[in-house]
Amino acid sequence: MNEILISPQVSLELFLSSLVLLFLSFALYHTLYILLRYDKNATNALQYELEKRSLLTTTIIKVALLISIFLFILFVLSIDTLAELIPGAMCGAGVVNSGIYGSLLIALKFIVIVLAIFWIQVDEEDQKAKGFPYFSLKMYLYIFLYLLIALSWFLELNFFMSLSVEEPVLCCSNLYTSQTTSFMLGMSIEEIVVAFYITYLFILLATYLKKKVFLSLLSILFLYLSYITIVYFFSTYIYELPTHKCPYCILAKEYYFIGYFIYGVLVMANYYVLYGVVFSFKEHTKSKIITAYTLFVVLVSFKYIYYFLSNNLFL
Amino acid sequence: MSMLSRLNFLLLLLLNYKKRYIATFLLSSGLIAILASVLFLSSSIQEELMSTLENQADFTVQHYKSGHLLNTPEKWVEEYLDIPGVSKVQGRIYGTHYYEPKEQHFMLVGLDMYDVQIVKGMQKLINTLDIEKFLERKNMIIGSGVKDFFDKYHYRKYYIFRPPDRTKEKVYIYKEFPKGSDLLTNDMIVMDMPLARKILGIEKGYVSDIVIELSNPDEYQKVYEKLIVSHFDTRIITKKDIAKHYTKLFNYKGGVFMALYIFAIVTFLLLLYQRYSMVESLDLKEIVILRSTGWSIEQIISFKLVENFIVVLSAYLIGVILAYIYVFFLDAPLLRDIFLGSANLSIHPQFMPYIKPLDLLILFGIFVLPFLLAVVIPVWKLCVKDMSEMIR
Amino acid sequence: MIQLQNVNKVFTDTNHNNFQALKDISLAISPNECVLLHGSSGSGKTTLLHIIASLMKPSSGLVEVKGENIVSLSDYHASAYRRSTIGYVTQSFYLLDNLSVEENLLPALVLESLSEKEMAQKIKKALSLANIEHKAKQKVSTLSGGEKQRCIIARAIVNDAEIVLCDEPTANLDKKNSLFFLGLIQNLKNLRKTILIATHDPIFEKLECVDKVYNLEGGSLE
Ligand SMILES: Nc1ncnc2c1ncn2[C@@H]1O[C@H](COP(=O)(O)OP(=O)(O)O)[C@@H](O)[C@H]1O
Ligand SMILES: [Mg+2]
C-alpha cells in the first residue's frame, strides 16, 4: 500500500471528502428531483413540499462548507508534514509541485469555498425574497458546485496517489531560481507588481461607479495577478529570503499564520464581488468590496513597504 | 442578540433534558478517549525518537560485504577526515551481549572517555561522570531495564561477562542511567572503550562503525556522494534516513489504527443514524412547539444541528482530557504494551506530555464532523414532517 | 382581518388514497371578533387552524390575513408572519415539562432581538394576563392541567399577537378550569385581540363575548 495514503492525515482527508461527496450526491438527487417538478404555477402545497426538500440541500451544503474549510486547513498542514516523507521536499510547496495536480487542486479548493459561501447567500436571498426569484439559479449553481467538488475529490485522490516517496522532487527554492521568468505577455515580475496595483485601483473605480461587468472581469484578473505576485514577489519579503518563493509557507506558524488572513480576505473580497454583481449593489456592498480589497493589498504589501522604508532598497 | 438568546435557550434545554443525550455523550467521549490515547501515545513516542535523533551523527558508515555486516577498518577514519565539509569523524565500539540462559540481549557500548562524543546523548552521559573515578577499576553504567534484570539474578555489585576468548571480566556497576530518555537507553550498558572491545571481541584496527559530523549542513549532498564513492563495501545511514524510517514506521502503525478508527466511526455513525431515525415523542413535541411559536423549518434544523454539535464537542473535549490523563499521568497501561511491545526488558517509560495540534485536528475531523453529517438527514426528515402528522 | 375563499385541503396518504379534510371553506372574520368554530372530532377544525396559522398550505383556495395572501408565502415568511401575528394555543399540552413556566415562554421570544430586560417584561406581562404569574419559577411537570393551559396561553400572547387561535382549549380541563378559561378569553377580547376558538365543548355557550359561530361538519361549513 502507498505510504502516503496510509498516513493519518491523508487517509482522514480522503475519508472526509468522500463522505462529503456522498452526502452532496444525496442532495444532488433531491436537487434534480426538485428541478424536474418545479413549476412556477404549481399549487402552493406542492411548492411547499419542494421547498422543504430544498432545505436538505441547504443544510448539507452548510455542513459541507464547514468541512471543506476544515479540510483546506488540514490539506495545507498535511502536505507540510508529508514533506518529511518525500525526498527533496522541504515544505508544502515541494509536495504540491511533486504531484501534477497540486496547484490546480489548491485553486479548485479555493474556488469551491468561495462558491459555497456564495451559494448559501443566494439561498438566503431566495428565501427572503417573495416568490423564489433565484430558485433556478440556486439549483443550477448547486449542480455546478457539485461537479467542481467531485472534480476536486478526483484530483485529490490522484494527487495523493501520484506522490512518490522514491523520486526526489525540486522544492520551492530550486524551482523558481531563474529570475528572468516571464509570466504573461512577456512581462517581468516588477511589471506584474505594477499591474497588480493598477488593477487594484481600477477595481476601486469600477466598484465606485458600480460597473458590474468591468468589476467581474477585473476581479478575475486580479485573482490571477495576486497569485503570481504573492508567490514570486510578496512572499519573498514575508520570508525575508529572496529565493524562497512559495505560496504555502505563509500559512505556517513561523510567519504568524499571516497566510490565512491574506487568503481569507481574498476569499471575502471575491465573494462580495460575486454578491454585488448578482444581487443588489448597495452602498454597504460597495464599501465591503473596497474594504476587503484594500485590506488584502495592505496585508500583502505591508512587509514589502516596511522593508523598503527601513532599508531603502529592494531584495 | 437573538443568536445569543437562542444559544441560551439551547443550553437550558440541554441541561434540563440530559437524559436524552447521555448515551450519545458517554459513547462518544469513550470512543474519543480511546482514539485520542492512541494518537497521543504514538505522537509522544515518535517525538521522543525524533528528539533522540537530534543527537545522532549526520552519517553513519558501516562495513557491509556480501550481505553481512562486518567490523569497520579504523583507518577509514583518517580518510573521511580529509573530505571537505567534514568536521569530525569517530569510530564507535558497540554490540549486543547475549545472555544465553535467559535469552536476554544487552546493548554494550564502549566510549573513549576523554574524547568529545559526536553522539550528543553519550556526551551528556560522560559529562555527568567523574571520569578519573570511573576509570579507577572496571566500571559500567547501566539502563533501568538492565538494572532490573541484574537485580533479579542478584548481580547487585558487579556482573561477570564472558568474552569470546574464554576469559572472565568482572565489571562493577557504577551507576544507573539518569532518568530521561528511557526508550533508547533501557537495555544499554556503557563502559570504557578498551574493556568493551575486549568483551565484544573486536580486534585492534577495527571498530563497529564510523560516525561523521558535518561542519555545514549545506554540504550534506556533496559529502554523501564522496562517501558513496570512497568505498564500495559500505552502507551509509544518514540522519534523514532514520527520520524517514521513523516517520514511515509510525505512519504504518498510524495507518492500521486509522483503518480501525474509520471502522469504529462508521459503525458508530450507523448506530447514530438508527437512533435518530427513530423519532422520539419528545423531539416531535419540541418541534411542534417551535413551529407554532414561529420558528422556520430552517431555524429549527440549525438549532438541532447546533444542539448535536455542542453535545459531540463537549464529548470531544472530555474524551481528550481523559486520554491526556490516561497517557501522560497514568503512563498508558495496556496500550503501551501494544505500542512498544512487551519485548525484551521491561520498560517503564515516562511519556513526555506532548500533543501535536495536528492530532487534535485529526481527532476533530474524524469524529465531530462525520457526526454532524450523520445527523443531518434524520434531523431534516424530522423537521420537515407535516404538522398534521406530528400532532397525531 | 381573516378571509378564506374556497379553501380545500386534500390529504394523500402513503397508499395514494385521497381524503378531503376541508371542502370549499369560505369565511370572514373582522378585527377584534371572537369566533367559535364548532365541530365534532375529525371534522377538520385543526386542519383549518393550521391553514390560518400558515403551518400548512391548502390544496387550493385563498387565505388572506390583514390583506396579505399567506398561502404563497415561503416558509421563511410564513414563520415570520406566524411569529408576529399569530398566537397559537395547541390542542394538547405542548410544553417543555422539564423547564419552568417562564422558561416555556422563551421559544416565542428568542428569535426577536430583545434585551434581557425587555424579555423579562414581556414574560411578566403575559404571565399576569394568563394569571399564572405566581407559578413563574415552577417546573411545568408539577402543574395541574388548568395551570398548564394558562402557561400555553401566556406563550401564545407573549409576543403581542393580534390573532389568537385556540384548538380545543377545554378538552383536557375540568368544569372549574374551563369556566376560568372563559374568563381569560373575555380578557383577551377586551385587549382587542381577534380570537378563533375551535371546539366541540358546549360550555362555550356560556361565553358572552362570542360574535359569530361557524359549524364545521365533515370538512364543510353549514
Ligand atoms: N396528515 C393527514 N393525512 C391524512 N388524513 C389526515 C391527516 N391529518 C388529518 N387527517 C384527517 O383529516 C380529518 C380532519 O382532521 P382534524 O382537522 O385533525 O379534525 P379535528 O381537529 O376537527 O378533530 C380527520 O379525518 C383526519 O383523519
Ligand atoms: Mg383537532
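In the text below, chain A, chain B and the rest are named by the order of the sequence lines, each starting its count at 1. Note that the coordinates shown come from a computational prediction; the quantities given were computed from them, not determined experimentally. Scope of the values below: all heavy atoms of this structure, side chains included, with no hydrogens, waters or symmetry mates.
Of the charged side-chain nitrogens involved, none lies within less than 4.0 Å of a carboxylate oxygen, so that A:Arg53 and A:Glu49 do not count as a salt-bridged pair.
Both the backbone and the side chain of A:Gln127 come within less than 4.5 Å of a heavy atom in chain C. Looking at A:Lys52, there are no atoms closer than 4.5 Å to chain C (heavy atoms on both sides), in backbone or side chain. In this structure, chain A has a heavy atom under 4.5 Å from the backbone of C:Ser59, while its side chain stays farther away.
Side-chain contact annotation: C:Asn172 with C:Gln149, donor-acceptor N/O pair under 3.5 Å absent. No side-chain N or O of A:Glu51 forms a donor-acceptor pair with one of A:Ser54 less than 3.5 Å apart.
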Original post:
Under the ring pair (Phe, Tyr, Trp, His ring centres under 6.0 Å) criterion, do A:Tyr275 and A:Phe118 qualify, and how do the steps go?
Top reply: CA-CA 7 Å; A:Tyr275 182 79; A:Phe118 179 65; 7.6 Å; no
